[in-house]
Participant: 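The structure is given below, and queries will be raised subsequently.
Numbering starts at 1 and runs along the sequence shown. What you see below is based on every heavy atom in this structure, not just the backbone, and it leaves out hydrogens, waters and symmetry mates.
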Amino acid sequence: MHQSNKNTHAVVMGGSMAGLFTARVLSDHFDQVTIIERDPVHDQPESRKGQPQTRHLHGVLRPAQDFLEKYLEGTVEKLLDGGAIIGNWGSNIRWWQFGGYRVNAELDMHGISLSRPFMEYHVRKAVLAIKNISLCDNTSADALVMDESNSRVVGLKISHRSQHGEEEILPTDLVIDACGRGTPLPKWLNQLGYDKPEKEEVKIRVKYTTRVYHRVGEHIDNPKLYMIATSPPHDYIGTFMFPVEDNRWIVTAGGWHGHHAPTDEAEFMDFLQTLPTPDIYDILSEAEPISDIMTHNYPASRRFNYNKLNRFPDGLLAIGDSAASFNPIYGQGMSSAALQAEALNEVLSAGSTGSLWREFFAKQAKIIDLPWTLTVGEDFRYPETEGKKPFAIDLVNKYVEAVHRATHKDKVVYEQFLQVMNLLAPPTTLMRPSIMWRVLRAQ
C-alpha cells in the first residue's frame, strides 16, 4: 500500500480473533493501529468475560491456518511447539454421521486442534510484536465522533475503565467494528441519522455442554479427533472430542432447539453412553475430568447486510461476528473472519476508487454468503428452525445427505466435501456431474 498522509491512524474495536486479524492487515496500510478491548487482557491464555464461547471446543479450518502462515509467519510453528496437534482430515479423525464413519484415508487436507485461548494468546503476541500495533485493554468504545457534515468518522470516544472511567477521544482515519455479536454499531448508526442495516436471523437455540479431561496413555502421542455429529431431523445432539495442548481433551456436546447434554456429572456420562458409537464414552470412562461442566447458549445465527445500504459513514467498517455470526457448531466463524481480513487488505492495497465501505462490504457479502448458506441450510434440516428459509433447501438437503453417506465410502467425494466445509470451494462443486455420479453410485 502506498502510504499517504491521511493513512495515519486506524482503530479496531475488539481484541478477539477478528480484531487481531484485522489489526495485522491494517498495520501494512496505517502508521499506527490501536486495538480497543473492553476486557482486561493478561499475558497468558485465558477466556475473558466478554467471550464465554472460548471455553468450548473450536475448529481451525484452512483459511485461518493460511492467514497465519501468510501474515504472522512462525505462529503456526509456535502453536505446534506449544502442544497444538496437526492431523489429517482423513486418517486422524473418527467422524460419524448418518449411520457411518467417513472414509479412513490419507487426504490432502490437515487441521489444527488446540484450545481457543491458547491460539488467541499466540496470535495476540505475534500481532502486538508488530511495532505499529498497540492494545488498549480494559477500555470501552462509547461513541463515534463525526465530522461537521456527519458523513465521516474522525474519532472514537473511549473510556478507560481502569482509570475511573476517564474519557478520551482518539482521532482516527478508520474505525473497524470487530466487537462481535455485542456490536453497538447498528444502534450508533441509527443515533447518527443513518439507516440500520437489514438484519437476517435464523433461530436455532443451540446449547453447548463442555468438559475438559486429561489425555493419557496411547492418546498422548497419537491422538485422534472424534466427531459424532447429528443426523437430523430426529437426532438433536452431536458430541465432539478434540485433543488440545497440555495433554487434554475438550469435549463439547451441542444440541439444537432446547435439546442439550446434562450438566450433572453422572448424567453426562450416561448421556455419552447413549451415543451411536462408543468411541468417546470408552475413552472418557477411564479419563480424569479437570474442569467443571460448562454451558453456553447460542440462540440464533445473525447477519447484517451492510452491502445493501445506500448511505454509510466514510471511515467506518464492520468485520467478523459484528457483520455475521453463524452456528458455531460448524466451526467456520474464525475462517470467515480471516477471509474478510484478507478482503480488506485487497481493497486497501488496490486503492479506493470510491467509497471504501461500499467496496469492502460488497466483497465481504460474497465471503459471508458461503458459510451462511452452508450453516443455515444445515440448520433447516430441523423443522423447528425459524427464519428466512433458503429457496429449495429441503431438496438440496436431501442431496447433501446423500453426499454425507457417500463420504463413508468414497475418498473423492469426501475430499470435495472438505473443500466446501473449509470454505475453499462453493457448495455447487458438490453438484458437478463427476461428483454426482459418485454420490449416486455410493448409495
Participant: Assess the side chains of Y414 and N104: does a donor N or O sit below 3.5 Å from an acceptor N or O?
Facilitator: no
Participant: Are D321 and R181 close enough for a salt bridge, meaning some N to O gap below 4.0 Å?
Facilitator: no
Participant: Starting at CE of M13, measure out to OG1 of T183 and round the result to the nearest 0.5 Å.
Facilitator: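 The OG1 atom of T183 is 6.0 Å from CE of M13, to the nearest 0.5 Å.
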Participant: Salt-bridged, E168 to K157, with N to O below 4.0 Å?
Facilitator: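 Here E168 does not pair with K157 in a salt bridge, since their nearest N and O are not under 4.0 Å apart.
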Participant: Is the ring centre of Y208 less than 6.0 Å from the ring centre of H260?
Facilitator: no
Participant: Mark yes or no: R311 above the aromatic ring of Y194, with NZ or CZ under 6.0 Å from the six-membered ring centre and no more than 45 degrees from the axis.
Facilitator: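 Yes, a cation-pi geometry.
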Participant: Report yes or no: do T385 and H257 form a side-chain donor-acceptor pair below 3.5 Å?
Facilitator: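 Yes, H257 and T385 have a side-chain donor paired with an acceptor closer than 3.5 Å.
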Participant: How are the rings of F304 and Y306 set relative to one another: parallel (under 30°), tilted (30 to 60°) or perpendicular (over 60°)?
Facilitator: tilted
Participant: Quick one: closest heavy-atom pair of P313 and V153, and the distance?
Facilitator: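 The pair with the smallest heavy-atom distance is CB-CG2, 4.1 Å.
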Participant: Do E200 and N305 pair up side chain to side chain, a donor and an acceptor below 3.5 Å, judged on atom types alone?
Facilitator: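 Note: E200 and N305 side chains meet the donor-acceptor criterion.
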Participant: Aromatic contact between F312 and F361, with the criterion being ring centroids under 6.0 Å apart: yes or no?
Facilitator: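 Distance test on ring centres: under 6.0 Å, yes.
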Participant: Can you tell me how far apart CG (L316) and CZ (F360) are? Round to the nearest 0.5 Å.
Facilitator: 11.0 Å
Participant: Are the charged groups of D279 and R94 less than 4.0 angstrom apart, N to O?
Facilitator: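 R94 and D279: salt-bridged.
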Participant: Are the aromatic rings of Y236 and Y382 close, with centres under 6.0 Å apart?
Facilitator: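 Yes, the ring centres sit under 6.0 Å apart.
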Participant: Determine, stepwise, if the pair R62 / M109 fulfils side-chain contact (heavy atoms from CB on, under 4.5 Å).
Facilitator: CA-CA 8 Å; R62 266 284 299 278; M109 182 77 70; 3.4 Å; yes
Participant: S115 and E245: side-chain donor and acceptor closer than 3.5 Å?
Facilitator: yes
Participant: For the residue pair R102 and T407, confirm or rule out a side-chain donor-acceptor distance under 3.5 Å.
Facilitator: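 Present: a donor and an acceptor within the cut-off.
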Participant: Would you give the length of the straight line joining atom CH2 of W357 to atom CG of L317, rounded to the nearest 0.5 angstrom?
Facilitator: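 Answer rounded to 0.5 Å: 10.5 Å.
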Participant: Run the ring pair (Phe, Tyr, Trp, His ring centres under 6.0 Å) check on W249 and H219 step by step: do they pass?
Facilitator: CA-CA 10 Å; W249 296 109; H219 303 294; 5.6 Å; yes
Participant: Going by atom types only, do S16 and E120 share a side-chain donor-acceptor pair under 3.5 Å?
Facilitator: yes
Participant: Can you name the nearest heavy-atom pair linking P63 to N422, along with the distance?
Facilitator: CD-O, 3.1 Å
Participant: Return yes if a side-chain donor-acceptor contact under 3.5 Å exists between N132 and Q32, otherwise no.
Facilitator: no
Participant: Any chance the side chains of E106 and S91 put a donor and an acceptor closer than 3.5 Å?
Facilitator: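 Yes, because at least one side-chain N or O of E106 sits under 3.5 Å from a partner of the opposite role on S91.
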Participant: Assess, by modelled atom type and distance only, whether the side chains of N345 and H29 contain a donor and an acceptor separated by less than 3.5 Å.
Facilitator: yes
Participant: For S47 and Q51, does a side-chain donor sit closer than 3.5 Å to a side-chain acceptor?
Facilitator: no
Participant: Please check if atom CZ in R38 has more than 12 non-hydrogen atoms from other residues, nucleotides or ligands closer than 6.0 Å.
Facilitator: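 No.
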Participant: If only side-chain N and O atoms count, and only distance matters, is there a donor-acceptor pair under 3.5 Å linking S322 with D177?
Facilitator: yes
Participant: Within the distance-only criterion (no hydrogens, no angle test), does the side chain of H58 pair as donor or acceptor with the backbone N or O of H56 below 3.5 angstrom?
Facilitator: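 Yes, the answer is positive, given that a donor and an acceptor are paired below the 3.5 Å cut-off.
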Participant: Looking at Y298 and F326, what are the two nearest heavy atoms and their distance?
Facilitator: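 Looking at all heavy atoms of both residues, the closest pair is OH-O, 3.0 Å.
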Participant: Work out which heavy atom in P243 is nearest to a heavy atom in K224; give both atom names and the distance.
Facilitator: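 Closest heavy-atom pair between P243 and K224: CD-O, 3.4 Å.
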Participant: Whether E198 and K308 form a salt bridge (side-chain N of Lys/Arg under 4.0 Å from carboxylate O of Asp/Glu) is what I want to check.
Facilitator: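 Salt bridge between K308 and E198, a charged N being under 4.0 Å from a carboxylate O: yes.
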Participant: Can the ring centroids of F21 and F67 be said to lie less than 6.0 angstrom from one another?
Facilitator: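 Yes, the ring centres sit under 6.0 Å apart.
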Participant: Among K363, K70, R24, find the residue that satisfies the salt bridge (Lys or Arg N to Asp or Glu O under 4.0 Å) test when tested with E342.
Facilitator: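 Of the listed options, the one satisfying the test is K70.
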Participant: Heavy atoms only: give me the nearest V60-Q65 pair and the separation to one decimal.
Facilitator: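 For V60 and Q65, the tightest heavy-atom pair comes out as O-NE2, 3.1 Å.
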Participant: Run L68 and V123 through side-chain contact (heavy atoms from CB on, under 4.5 Å) and show every step you take.
Facilitator: CA-CA 8 Å; L68 296 182; V123 172; 3.8 Å; yes
Participant: Side chain to side chain donor-acceptor pair (under 3.5 Å), that's the test. Do E201 and S301 meet it? Break it down for me.
Facilitator: CA-CA 6 Å; E201 193 169 69; S301 296; over 6 Å; no
Participant: List the residues meeting side chain to side chain donor-acceptor pair (under 3.5 Å) with Q416, not counting sequence neighbours, and say none if there are none.
Facilitator: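 Applying side chain to side chain donor-acceptor pair (under 3.5 Å) to Q416 gives T429, R432.
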Participant: Treating T210 as the side-chain partner and T252 as the backbone partner, does any N or O pair qualify as donor plus acceptor under 3.5 Å?
Facilitator: no
Participant: If you apply the rule salt bridge (charged side-chain N to carboxylate O under 4.0 Å, His left out), what do you find for D369 with R303, and how did you get there?
Facilitator: CA-CA 10 Å; D369 280 345; R303 175 178 185 174; 2.7 Å; yes
Participant: Can you confirm whether the side chains of N327 and T375 place a donor and an acceptor under 3.5 Å from each other?
Facilitator: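 T375 and N327 do not have a side-chain donor-acceptor pair below 3.5 Å.
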Participant: Would you say the side-chain atoms of H408 pair up with the backbone N or O of Q97, donor to acceptor, closer than 3.5 Å?
Facilitator: yes
Participant: For T34, check side chain to side chain donor-acceptor pair (under 3.5 Å) against everything at least two apart and list the hits.
Facilitator: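 In terms of side chain to side chain donor-acceptor pair (under 3.5 Å), with neighbours along the sequence ignored, T34 is linked to H9.
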Participant: Can you give me the closest heavy-atom contact between T172 and L156, atom names plus distance?
Facilitator: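 So the two residues come closest at CG2-N, 4.2 Å.
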Participant: Count the heavy atoms of every other residue, nucleotide or ligand shown that sit under 6.0 Å from CD of E73, and state whether that count exceeds 12.
Facilitator: no
Participant: Give a yes or no on this: more than 12 heavy atoms of other residues, nucleotides or ligands lie within 6.0 Å of atom CG of D292.
Facilitator: no
Participant: Please round to the nearest 0.5 Å and tell me the distance separating atom OG1 of T8 and atom CG of D173.
Facilitator: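 That separation rounds to 5.0 Å.
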